Protein chains: 2
Amino acid sequence: MPESDLPDIRGLHLFEEMSDEHFRALMRGSYVQNFPPQIELIEEGDPSDFLHIVLSGSVELFSSWNGRETSMATVRPVSTFILAATIKDAPYLMSGRTLEKSRIALIPSQDVRAVFDIDAKFARAIVTELAQCYRSVVKNTKDLKLRTSLERLSNFLLRQQKYSGGGAEFDLPLEKRRLASVLGMTPENLSRAFKALQSYGVKVTGNRVAISDQKDLERFAKPSPLIDDYST
Amino acid sequence: MPESDLPDIRGLHLFEEMSDEHFRALMRGSYVQNFPPQIELIEEGDPSDFLHIVLSGSVELFSSWNGRETSMATVRPVSTFILAATIKDAPYLMSGRTLEKSRIALIPSQDVRAVFDIDAKFARAIVTELAQCYRSVVKNTKDLKLRTSLERLSNFLLRQQKYSGGGAEFDLPLEKRRLASVLGMTPENLSRAFKALQSYGVKVTGNRVAISDQKDLERFAKPSPLIDDYST
DNA sequence: TCATCTGCTTGATAAATGTCAATCGTTAAC
DNA sequence: GTTAACGATTGACATTTATCAAGCAGATGA
């Protein structure tokens, strides 16, 4: 583990408050690796030997069943993934692959569990992080079960707009076919959904999205903090 | 809080390992209440003042948006709910109502957070519980995104069968219209799905389900431990 | 016993979504 | 510069799912 990567990791909520000694102990057994794009880092069902941290690049978490595949989440720097599997010492529920050239830190799961037991600050941080993850997935479930694909897309655009600073124009941060998978629909359906949103003042050219009638789109999308607010 | 309720609560994984002193401290501010059926205990969006424990009866967790409603989970004795909201001191993401006459224990959220910080065993238990909850929701998301409603129903039946002891016949533990909502479909669609499963040897009379050709149903349902196994 | 209620089922129809195949447009390699 | 590759789009069509309305059946209560 190169010294230069430590500050990034230390800066994560998860490791921010813990003692220096315990942090060093965690890092001792860890290492950092660079991966090219489209490399499968973990496969669902595998034992969870490492807690992963994306230092740069991005990682897609996805799941498969019966020949179908769906995108579950995108992990961007700097954050961890598969924390729950690490804590429970249970198999991964999702696979993970790099989307681009990425730098990943790997911390042995058993070290995470060991330090958890002796560092109350670290324990507190893990609980907060897990609770956050849990609530995100619950919101996602509500999005899937309560909304049509057109409504999901509208609210995704509003969230993305907010995240990009709130301006009338912004870029989609992922390929459309991956967006379709994230939203639980086919690329063809997404393409038609974009077209349908034209009547609410949404114009899409490539990855660029322009919202000309904010109020109108919001009236249709009906965003709710209990589904769309990532922070709480 | 009556003395007679303490053993049930103490027996929960969550409270099993913690010190007697801290357990008593938690219980001191808590109380127990009996509710009739169909009473709304919590409403999504409310601040999370109490961690709830179902001592008897059952509670449905559900969510609403734009006039629609969906059933998220059923909580049966003896277990807790809305742990994540309590930990994060964030608003509830789901509403909860009693399905039948129920006995509920209420523990002030701030006490839970306070004891968490001073009792490592309790902290460990909370993390394990949260990780479990998180993984359950992830599995549910996979179920929703990767399977058709007929496949979801089939796998639900296989899970329920296993849970009921594995025999060829068992009872549905909930109303069909609620089951439909849990599976993310309409009651009409569920009714037709049951009929479609007749060709795989599933017979339903009232709440009674009989599976005459186990292998055939499994061949269709393709259950996967990474979606359908609740224990891991 | 009868009436009523409620949940379940059924049929007809509509809407949403997926599939398949072809085409377009951009990118990237040669 | 040309060509190949790939993602996005479009059209035609099939499937899945929802909606609406009506009927049915077991439970409840007078």
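Here the structure is a predicted model, which is why all the values come from computation and not from measurement.
In 5' to 3' order, the nucleotides of DNA chain D bounding all contacts with chain A (an atom under 4.0 Å from a heavy atom) are D:dG7 to D:dA12.
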Which atoms of nucleotides 16-18 of chain C (N or O only) lie under 3.5 Å from a protein N or O atom, and what are those distances?
unit_1, atom_1, unit_2, atom_2, d
C:dT17, OP1, A:S149, N, 3.1
C:dT17, OP2, A:S149, OG, 2.7
C:dG18, OP2, A:T186, N, 3.2
C:dG18, OP2, A:N189, ND2, 3.0

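Ion pairing between a basic and an acidic side chain is recognised when a charged N comes within 4.0 Å of a carboxylate O; A:R68 and B:E151 show such pairing. Taking the charged nitrogens against the carboxylate oxygens, A:D228 and A:R147 do have a contact shorter than 4.0 Å, which makes a salt bridge.
At a threshold of 4.5 Å between non-hydrogen side-chain atoms, the residues B:S63 and B:M94 count as touching. Side-chain contact between A:T74 and A:L61 is absent, with no heavy atoms from C-beta onward closer than 4.5 Å.
In this structure B:R97 satisfies the salt bridge (Lys or Arg N to Asp or Glu O under 4.0 Å) test together with B:E60, B:E69, sequence neighbours excluded.
Between B:Y200 and B:F220, the ring planes lie parallel to each other; the angle is under 30°, not in the 30° to 60° tilted range.
In this structure, B:K195 reaches the C:dT10 phosphate: one of its side-chain N or O atoms is under 4.0 Å from OP1 or OP2.
Taking atom CD of B:E175 as the reference point, atom C1' of C:dC5 lies 14 Å away to the nearest angstrom. Straight-line distance from the CG atom of B:L190 to the P atom of C:dT9: 7 Å, rounded to whole Å.
The backbone N or O of A:I82 lies less than 3.5 Å from a partner atom in the side chain of A:T86, making a donor-acceptor pair. A donor-acceptor contact shorter than 3.5 Å is absent between the side chain of A:W65 and the backbone of B:I227.
The list of ring pair (Phe, Tyr, Trp, His ring centres under 6.0 Å) pairs with a residue in residues 133-178 of chain B, not counting sequence neighbours, is empty. Among residue pairs with one or both ends in residues 35-55 of chain A, those qualifying as salt bridge (Lys or Arg N to Asp or Glu O under 4.0 Å) are A:E44-B:K142; sequence neighbours excluded.
End-to-end axis angle of the helix from C:dT1-D:dA30 to C:dC30-D:dG1, using five pairs per end and rounding to 10°, comes to 40°.
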